[in-house]
Amino acid sequence: MESFIIEGGRPLHGTITPQGAKNEALEVIAAVLLTPEPVRITNIPDILDVNNLIRLLQDVGVKVMRNGKGDFTFQADELNLEFLASDEYVKKCAALRGSVLMMGPLLARFGKAVVAEPGGDKIGRRRLDTHFLGFKNLGAEFNSDDERHVYNIEAEKLHGTYMLLDEASVTGTANVVMAAVLAEGTTTIYNAACEPYIQQLCHLLNAMGANISGIASNLLTIVGVEKLHGATHRILPDMIEVGSFIGMAAMVGEGIRIKDCAVKQLGVIPDAFRRLGVQIDVDGDDLYIPHQSHYVVDSFIDGSIMTLADAPWPGLTPDLLSVLIVVATQARGSVLVHQKMFESRLFFVDKLIDMGAQIILCDPHRCVIVGHDRNKQLRAGRMSSPDIRAGIALLIAALGAKGTSRIDNIAQIDRGYEDIEARLNALGAKISRV
């Protein structure tokens, strides 16, 4: 198991460029299964989850050509569908949550798919019901092999229909959309997720010959086509990484520029940090965060305590609440964070409390942070990363802490952040991997 050793209290300054979006990459890479023709995708992040999905596609028979850094061409013209029933495939699926995104394309193109109960972050229950109910609405049948912890989905022919998703699940929407593009007739999906990841997937599918309208709304209409062809696609910058860098700049920055952010695609993310008092300047497609000697938490018009809560897009993404909590520990004022979507994602705050943060964990979904106003520096400590987003939040806390910290289980951070220690060391951090 690898760990980070972080020397805290070193100010960061300079310019950093976000990687390609992890969540979008998983979706658009899975979409290459929908056509036998080559699909070229650029700005792919070099991170564990994405690399594992690419390797899994190679195991299934997808030809993968690396054209350059982050630039790959995929061709799924000769697949080994028998591999899908193997124990090796099941084991690899179980270790990678992104593998569930293969279900929709395989079902659409070949009439059957197999998926193991997926792994990923330990942040509470993450149901697959939305995926399966969507496939069932399209005419598929599925059964569960409880002994192998495997789901089998089959359909002779998928048929378009109207459906109301039980929740605005991003991966659920992506899977159902990918299944519906080759279905017979028209599919209408209401309560669809509309994150930029989904918008980008739909743009790629349309470039491949699909007929999807309503992109960027929660009502998607998909007219099925007989086949899809090749296309090229560029992945957006990772908005979660942009948010992570904003938080880092607020805590320990002496002036940091975040390059090429696709600012219009960030939604309310910058405003969430501004509510904590963080100054963010927009310069074209860059964000500049000057040194923050103090930042004061805003309050609502009636004077009540500031509340930050996650919500489906265009609301605040739950992936950034961990970072916002860390930033709030050094703000002037108090803030209530309400994590509605996952019931175990706030449990990492006990590590921040051990570092000296003033946080009251009200219940599995809510915590109150009383800011130190930089009068009390966090203490260094030893901790373990429970999931990707808590991991980067703990890394930010360690950068601002007094002394040397150690973060174990950094494979969780590697799943979502490309070469993070080298990129932060270039800004003046002192992080070593052991």
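If you read the sequence from its start, that first residue is 1, and numbering goes on from there.
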Point to revise | Shortest non-hydrogen separation from Gly98 to Leu53 and the atoms involved | key: O-CD1, 4.2 Å

Check your understanding: Can you find a heavy atom in the side chain of Asp419 that is under 4.5 Å from one in the side chain of Asp46?
Key -> no

Review point. Just how far is it from atom CG of Asn409 to atom CG of Asp414, taken to the nearest 0.5 Å?
Key: 10.0 Å

Study note, to complete from the structure: Note: Lys340 and Ala309 closest approach over all heavy atoms is CE-CB, 3.8 Å

Exercise for review: Output, in order, the C-alpha distance, side-chain angles, deciding distance and verdict of side-chain hydrogen bond (donor to acceptor under 3.5 Å, both in side chains) for Arg415 and Gln412.
Suggested key: CA-CA 5 Å; Arg415 286 179 48 215; Gln412 287 285 3; 2.6 Å; yes

Check your understanding: Checking Asn425 side chain against Ile431 main chain: does a donor-acceptor pair fall under 3.5 Å?
Key -> yes

Review point. So, for Cys93 and Ser99, which heavy atoms are closest and what is the spacing to 0.1 Å?
Key: O-OG, 3.2 Å

Check your understanding: Taking the six-membered ring for Trp, is the centroid-to-centroid distance between Phe132 and Tyr151 below 6.0 Å?
Key -> yes

Point to revise | Approximate separation, where rounding is to 0.5 Å, of Ile215 CD1 and Cys202 SG | key: 5.0 Å

Review point. Should Leu361 and Cys367 be marked as a side-chain contact (heavy atoms from CB on, under 4.5 Å) after you check the CA-CA gap, both sets of side-chain angles, and the distance that decides it?
Key: CA-CA 4 Å; Leu361 185 61; Cys367 68; 4.0 Å; yes

Check your understanding: What's the verdict on side-chain hydrogen bond (donor to acceptor under 3.5 Å, both in side chains) for Asp166 and Thr130, showing C-alpha distance, side-chain angles and the deciding distance?
Key -> CA-CA 6 Å; Asp166 65 328; Thr130 304; 2.6 Å; yes

Practice item. Check step by step if side-chain contact (heavy atoms from CB on, under 4.5 Å) holds for Thr232 and Val39. Key: CA-CA 6 Å; Thr232 60; Val39 178; over 6 Å; no

Point to revise | Test item: Asp373 and Gln330 side chains (from C-beta on) under 4.5 Å apart, heavy atoms | key: no

Check your understanding: Does any donor atom in the side chain of Asn67 or Thr73 lie under 3.5 Å from an acceptor atom in the other side chain?
Key -> yes

**Study point:** Closest non-hydrogen atom pair, Ser322 against Ala393
**Key:** O-CB, 3.5 Å

Practice item. Please round to the nearest 0.5 Å and tell me the distance separating atom OG1 of Thr307 and atom CG of Leu336. Key: 4.5 Å

Exercise for review: Report yes if some heavy atom in the side chain of Leu395 is under 4.5 Å from a heavy atom in the side chain of Ile6; otherwise report no.
Suggested key: yes

Review point. Between Arg40 and Asp71, is any pair of side-chain heavy atoms under 4.5 Å apart?
Key: yes

Check your understanding: Considering all heavy atoms of both residues, which atom of Leu205 and which atom of Ala31 are nearest to each other, and what is their separation?
Key -> CD2-CB, 4.2 Å

Show me the donor-acceptor pairs, under 3.5 Å and distance only, between side chains in residues 233-248 and residues at least two apart or in other chains.
residue: His233; atom: NE2; partner: Glu24; partner atom: OE2; Å: 2.7
residue: Asp238; atom: OD1; partner: Ile240; partner atom: N; Å: 2.9
residue: Asp238; atom: OD1; partner: Glu241; partner atom: N; Å: 3.2
residue: Asp238; atom: OD2; partner: Lys22; partner atom: N; Å: 3.0
residue: Glu241; atom: OE1; partner: Gln19; partner atom: N; Å: 2.7
residue: Glu241; atom: OE1; partner: Arg423; partner atom: NH2; Å: 2.8
residue: Glu241; atom: OE2; partner: Arg423; partner atom: NH1; Å: 3.0
residue: Ser244; atom: OG; partner: Ile240; partner atom: O; Å: 2.8
residue: Ser244; atom: OG; partner: Tyr417; partner atom: OH; Å: 2.9

Review point. Do Asn175 and Glu27 touch side chain to side chain, with heavy atoms closer than 4.5 Å?
Key: no

Check your understanding: Rounded to the nearest 0.5 Å, how far apart are CZ of Phe142 and CZ of Phe135?
Key -> 10.5 Å

Review point. Do you know the tightest heavy-atom contact between Val176 and Gly134?
Key: CG2-CA, 3.8 Å

**Study point:** Asp59 side chain near Phe83 side chain, heavy-atom distance below 4.5 Å
**Key:** yes

Review point. So, do Gln279 and Tyr288 sit near enough that their side-chain heavy atoms are less than 4.5 Å apart?
Key: no

Review point. Going through the distances and angles, do Thr17 and Asp260 end up as a side-chain hydrogen bond (donor to acceptor under 3.5 Å, both in side chains)?
Key: CA-CA 7 Å; Thr17 304; Asp260 302 328; 5.2 Å; no

Study note, to complete from the structure: The reported gap from CG in Leu204 to CD1 in Ile41 (rounded to nearest 0.5 angstrom) is 6.0 Å

Exercise for review: For the residue pair Val181 and Ile212, establish whether any side-chain heavy-atom pair is separated by less than 4.5 Å.
Suggested key: yes

